[in-house]
Amino acid sequence: MKTFDTVNALREAVIAAHAKGQTIGLVPTMGALHAGHASLVRRSVSENDVTVVSVFVNPTQFNNPTDLETYPRDLEADKRLLESLGVQYVFAPTVEEAYPEPDIRQFSYPPIDTVMEGARRPCHFRGGGQVVGELVMWCVPTRAYFGEKDFQQIAVVRAMVRDLGFDLELVPCPIQREESGLALSSRNALLTAEERQIAVKISRVLQESKTWGIGVEETQQRVVNEINKIDQLEVEYYEIVDGTTLQPVTEWREDVVGCITVYCGQRPVRLIDNVRYA
């Protein structure tokens with residue numbers, strides 16, 4: 001496995017791979033890798049000749065400077081995991097390398113990026129579009145892999161791929177969970193042992209909500225109420241939306257997803273999850 005910290009070195013490696021007719025899988029990450037990331041990597045390794053994993057905490061995706069500062073980082077541990085999974089190339093640039101000049105490109109795909117995360121983190125998807133767009137141009141991958149925990153991000157990236165005409169297969173991968181049901185996330189490393197036990201209740205309420213047999217609006221409000229009743233949990237939003245357009249629905253039908261963001265603990269830690277109703 002080779003690790004690159006410059007764009008030129010990465011491009012030379014992928015150009016050589018393309019010259020041999022090899023397929024390339026791209027797994028964009030912000031590091032602090034866990035079993036969820038590993039599942040994406042394993043799929044890429046199994047489906048491509050070469051897998052490139054980026055490890056880059058992208059500052060343009062953060063609205064809150066404190067959130068950026070405290071985001072977990074452990075590049076050496078990440079590299080050990082990736083090597084064990086059979087990854088060929090790791091790309092771990094500095095901010096200066098990724099953005100030698102301020103990136104003023106605007107990626108806007110309303111209405112899918114103006115609801116939920118987009119409404120509360122105005123620069124988040126613009127920043128995500130910037131870094132994913134760069135990675136695709138640098139690697140020219142055959143396929144790119146994203147976890148469905150970041151459900152809205154996949155929808156935005158899909159719109160960007162269509163908009164920019166990238167010849168790229170976007171591969172969504174199922175949410176990976178701990179045995180308890182807690183969705184795997186790099187942010188889980190910021191939780192205390194007690195907070196992890198509390199955070200598990202988010203997914204439990206979501207799964208229980210599939211059995212309630214009540215209307216959409218009633219389900220939405222009950223999920224919020226049930227989670228807010230739990231000490232150290234506070235819902236930022238819970239939206240039940242069309243799985244393609246991400247617009248709110250008022251009645252049950254095919255392709256309906258519930259997306260939630262919850263603050264957990266005293267600090268607190270911002271956690272996201274989702275549940276598919278149909």
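If you're wondering where the values come from, they're calculated on a predicted model, not measured in any experiment.
Open room surrounds CG on Asp167; 12 or fewer heavy atoms of other groups in view lie less than 6.0 Å from it.
Note on Ile214: it clusters hydrophobically with Val205, by side-chain heavy-atom contacts below 4.5 Å among ILVMFWY residues. Hydrophobic clustering places Phe151 together with Met160 (ILVMFWY residues linked when any side-chain heavy atoms are closer than 4.5 Å, directly or through intermediates). Grouping the Ile, Leu, Val, Met, Phe, Trp and Tyr side chains by contacts below 4.5 angstrom, directly or via other members, places Ile24 with Val7. By the criterion of side-chain heavy atoms lying less than 4.5 angstrom apart, applied directly or through intervening Ile, Leu, Val, Met, Phe, Trp or Tyr residues, Met137 is grouped together with Val131 in one hydrophobic cluster. Using a 4.5 Å cut-off between side-chain heavy atoms of Ile, Leu, Val, Met, Phe, Trp and Tyr, with links allowed through other members, Phe107 and Leu246 fall into the same hydrophobic cluster.
Residue Tyr237 holds its OH atom at 5.5 Å from CE of Met116, rounded to the nearest 0.5 Å. Interatomic distance, Cys259 SG to Arg276 CZ, rounded to the nearest 0.5 Å: 9.0 Å. The distance from atom CD of Glu226 to atom OH of Tyr238, rounded to the nearest 0.5 Å, is 12.5 Å. Atom CD of Gln130 is separated from atom CD1 of Ile104 by 9.5 Å, given to the nearest 0.5 angstrom. We find the NE2-OG1 distance between His124 and Thr60 to be 10.0 Å, quoted to the nearest 0.5 Å. Taken from CG in Asn274 to CG in Leu206, the straight-line distance is 8.0 Å, to the nearest 0.5 Å.
Listed here is the closest heavy atom pair of Cys139 and Leu10: SG-CD2, 3.9 Å. Between Lys201 and Ile230 the shortest heavy-atom distance is CB-CD1, 3.6 Å. In terms of heavy atoms, Cys264 sits closest to Ala199 at SG-CB, 4.0 Å. Nearest heavy atoms, Gly181 versus Ser203: O-OG, 3.0 Å. In terms of heavy-atom proximity, Gly127 sits nearest to Tyr99 at O-OH, 4.3 Å. Scanning all heavy atoms of the two residues, the minimum distance from Phe56 to Ala98 falls at CZ-CB, 3.6 Å.
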Exercise for review: Quick one: do Arg162 and Tyr109 satisfy side-chain contact (heavy atoms from CB on, under 4.5 Å)? Show the steps, please.
Suggested key: CA-CA 11 Å; Arg162 289 196 301 266; Tyr109 302 104; over 6 Å; no
**Study point:** Worked verdict on Trp138 versus Leu26 for side-chain contact (heavy atoms from CB on, under 4.5 Å)
**Key:** CA-CA 11 Å; Trp138 294 331; Leu26 170 65; over 6 Å; no
Point to revise | Intermediate values then yes/no, side-chain contact (heavy atoms from CB on, under 4.5 Å), Asp231 and Ile198 | key: CA-CA 8 Å; Asp231 187 40; Ile198 295 169; 5.8 Å; no
Practice item. Verify side-chain contact (heavy atoms from CB on, under 4.5 Å) between Thr219 and Trp252, making sure each step is shown before the conclusion. Key: CA-CA 11 Å; Thr219 299; Trp252 299 117; 3.5 Å; yes
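Through side-chain heavy atoms spaced under 4.5 Å, either directly or across other Ile, Leu, Val, Met, Phe, Trp or Tyr residues, Val87 is tied to Met1, Val27, Leu33, Leu40, Val41, Val45, Val53, Val55, Leu75, Leu81, Leu82, Leu85, Val90, Tyr145, Val171.
Taking the side chain as every heavy atom from C-beta outward, Gln220 and Glu239 approach each other to under 4.5 Å. Between Pro141 and Leu168 the shortest side-chain heavy-atom distance falls below 4.5 Å. In this structure, the side chains of Gln152 and Phe125 come closer than 4.5 Å at one or more pairs of heavy atoms. In this structure, the side chains of Glu97 and Phe4 stay at 4.5 Å or more apart for every pair of heavy atoms. Val140 is listed as a side-chain neighbour of His18, based on a closest heavy-atom distance under 4.5 Å. Contact check for Asp5 versus Thr94: no side-chain heavy atoms found under the 4.5 Å cut-off. Side-chain atoms of Ser185 and Lys149, non-hydrogen and from C-beta on, do get closer than 4.5 Å to each other. Contact annotation: the side chain of Pro111 approaches that of Gln247 to within less than 4.5 Å [non-hydrogen atoms, C-beta and beyond].
Remark: the backbone N or O of Ala32 is paired with a side-chain donor or acceptor of Asp78 at under 3.5 angstrom. In this structure, the side chain of Arg143 engages the main chain of Glu47 through a donor-acceptor pair within 3.5 Å. Between the side chain of Asn48 and the main chain of Val50, no donor-acceptor pair closer than 3.5 Å is present.
With respect to Glu218 and Arg222, no salt bridge is recorded, no charged nitrogen being found less than 4.0 Å from a carboxylate O.
Screening residues 49-69 for salt bridge (Lys or Arg N to Asp or Glu O under 4.0 Å) gives Asp67-Arg187 as the qualifying pairs, with residues at least two apart or on separate chains. Residue pairs meeting the salt bridge (Lys or Arg N to Asp or Glu O under 4.0 Å) criterion with at least one member in residues 104-131, sequence neighbours excluded: Asp103-Arg105, Arg105-Glu134, Glu117-Arg121, Glu117-Arg270. Residue pairs meeting the side chain to side chain donor-acceptor pair (under 3.5 Å) criterion with at least one member in residues 171-182, sequence neighbours excluded: Arg177-Asp273, Glu178-Arg196. Residue pairs meeting the salt bridge (Lys or Arg N to Asp or Glu O under 4.0 Å) criterion with at least one member in residues 21-35, sequence neighbours excluded, do not occur.
A side-chain donor-acceptor contact under 3.5 Å links Thr51 and Ser44.
Residue Ile202 forms a side-chain contact (heavy atoms from CB on, under 4.5 Å) with just one option from Val275, Val235, Ile260, Leu182, and that option is Ile260.
Asp74 is linked by a salt bridge (charged side-chain N to carboxylate O under 4.0 Å, His left out) to nothing, counting only residues two or more places apart in sequence or in another chain.
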